[in-house]
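Every heavy atom of this structure was used, including side-chain atoms; hydrogens, water molecules and symmetry mates were not. Below, read A as the first sequence line, B as the second, and so on, with proteins coming before strands; counting in each chain starts at 1.
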There are 2 protein chains.
Amino acid sequence: MNAPAPMIRLTTQRQIILEELSKVKTHPTASELYDMVRKRLPRIGLGTVYRNLELMADSGVILKIEVGGTQKRFDATTDEHYHIRCSVCGKVDDIDVPVVKELVAQAAETTSYLIMGHHVEFTGICSTCQQQQAQ
Amino acid sequence: MNAPAPMIRLTTQRQIILEELSKVKTHPTASELYDMVRKRLPRIGLGTVYRNLELMADSGVILKIEVGGTQKRFDATTDEHYHIRCSVCGKVDDIDVPVVKELVAQAAETTSYLIMGHHVEFTGICSTCQQQQAQ
DNA sequence: TAGTTGATGATAATTATTATTTAATCTTGA
DNA sequence: TCAAGATTAAATAATAATTATCATCAACTA
């Protein structure tokens with residue numbers, strides 16, 4: 001007797017949420033994603049977006065990135081990489097800086113925490129906001 | 001004619017908020033700090049704590065650390081250093097890992113953002129939570 | 001000392017998220 | 001195919017964290 005596999009159904013809503021998230025290189029918040037998905041599924045509820053993002057993050061299909069700013073953001077790419085956040089508009093992008101694996105080892109030496117991982121977040125001003133400030 | 005210096009008054013509330021924040025090595029949230037400050041100033045308002053933390057962070061007296069987790073946290077130490085957050089209880093501590101200055105240079109090469117800084121956040125389980133889980 | 005400005009405390013409003021409820025949809029076995 | 005049961009969705013309510021508003025009070029200035 002196997003534990004009754006909880007078996008997650010691939011519903012239209014889930015499929016489209018995942019598709020829309022995979023489309024973009026930035027990392028939308030739940031409500032940004034809600035706006036994107038609504039263009040294809042106008043009757044979807046915001047709760048559905050939240051619930052399914054949370055579900056997919058728990059099962060490892062997507063990444064929940066809790067970086068600076070007040071809102072959680074989501075990422076369809078799950079390999080380890082770093083992010084940069086615009087301090088003006090709050091947008092979050094991937095940044096192509098090699099992951100520094102040694103950091104975790106270094107940290108382990110100086111702390112009583114059991115280390116699970118690390119994340120680097122750069123802050124800066126994106127090109128759009130730079131142009132707007134230059135005016 | 002100098003621009004009229006906005007002159008920030010050092011009120012009792014501000015003084016005590018800063019004192020309490022400086023006392024601890026962890027990085028309290030606004031409402032944790034509110035509880036601490038209330039022991040000395042029982043009639044202080046939560047809004048005052050929020051307002052002044054924000055003010056002091058803007059003027060560089062303290063550091064606002066917006067890392068993972070839902071709440072903002074504050075730090076009386078403003079020199080550059082990294083943090084570790086317990087994924088069980090949410091507590092945030094300093095961690096004594098040397099700052100990797102090269103990261104900013106590396107990032108600058110691969111992005112169109114104007115880079116302002118970076119921050120490393122480790123996640124792990126603090127010793128208290130480790131013991132509780134072991135039971 | 002009167003008037004102006006800035007700060008506080010109380011409270012209301014907002015924002016982001018999570019939980020609950022009800023209804024719809026899918027799955028499976030008779 | 002149909003009914004029973006499970007899963008999901010949408011709508012809505014509830015909660016948590018933060019920010020805004022505002023009447024009042026205190027501090028500084030002319």
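- If Ala30(A) and Leu46(B) are placed on DNA chain C by their nearest nucleotide, the residue sitting closer to the 5' end is Leu46(B).
- Salt bridge annotation for Lys64(B)-Glu54(B): present, with a cationic side-chain nitrogen under 4.0 angstrom from a carboxylate oxygen.
- The side chain of Thr48(A) places no N or O atom within less than 4.0 Å of a non-bridging phosphate oxygen (OP1 or OP2) of dA9(D).
- For the pair Asn52(A) CG and dT17(C) P, the interatomic distance rounds to 15 Å; values are reported in whole Å.
- A salt bridge links Arg40(A) with Glu20(A): at least one charged nitrogen is closer than 4.0 Å to a carboxylate oxygen.
- The distance between atom CZ of Arg73(B) and atom P of dA17(D), rounded to the nearest whole Å, is 11 Å.
- A donor and an acceptor atom, one from each side chain of Tyr113(B) and Asp93(A), are located under 3.5 Å apart.
- Arg51(B) places its CZ atom 13 Å from the P atom of dT21(D), with the value rounded to the nearest Å.
- The phosphate of dA9(D) has OP1 or OP2 within less than 4.0 Å of a side-chain N or O from Arg14(A).
- Atom CD of Gln71(B) is separated from atom P of dA17(D) by 4 Å (rounded to the nearest Å).
- The side chain of Glu54(B) sits closest to dT19(D) out of dT19(D), dA10(C), dT8(C).
- At a threshold of 4.0 Å, the pair Glu80(B)-Lys101(B) does not count as salt-bridged, since none of the basic side-chain nitrogens sits closer than that to a carboxylate oxygen.
- Between Arg43(A) and dA11(D) there is a side-chain N or O to OP1 or OP2 distance below 4.0 Å.
- Between the side chains of His81(A) and Asp75(A), at least one donor N or O sits under 3.5 Å from an acceptor N or O.
- Going from atom OH of Tyr50(A) over to atom C1' of dT18(C) covers 9 Å, rounded to whole Å.
- Residue Ile44(A) contributes atom CD1, which lies 8 Å from atom P of dA9(D) at whole-angstrom precision.
- At the heavy-atom level, Thr11(A) lies under 4.0 Å from the strands shown only through sugar-phosphate atoms.
- Contact between the side-chain N/O atoms of Lys72(A) and the OP1/OP2 oxygens of dT18(C) is found at a separation under 4.0 Å.
- One interatomic measurement links the two molecules: CD of Glu32(B) to P of dA17(D), which rounds to 10 Å at whole-angstrom precision.
- Atoms CG (Leu55(A)) and P (dT17(C)) sit 16 Å apart, rounded to a whole Å.
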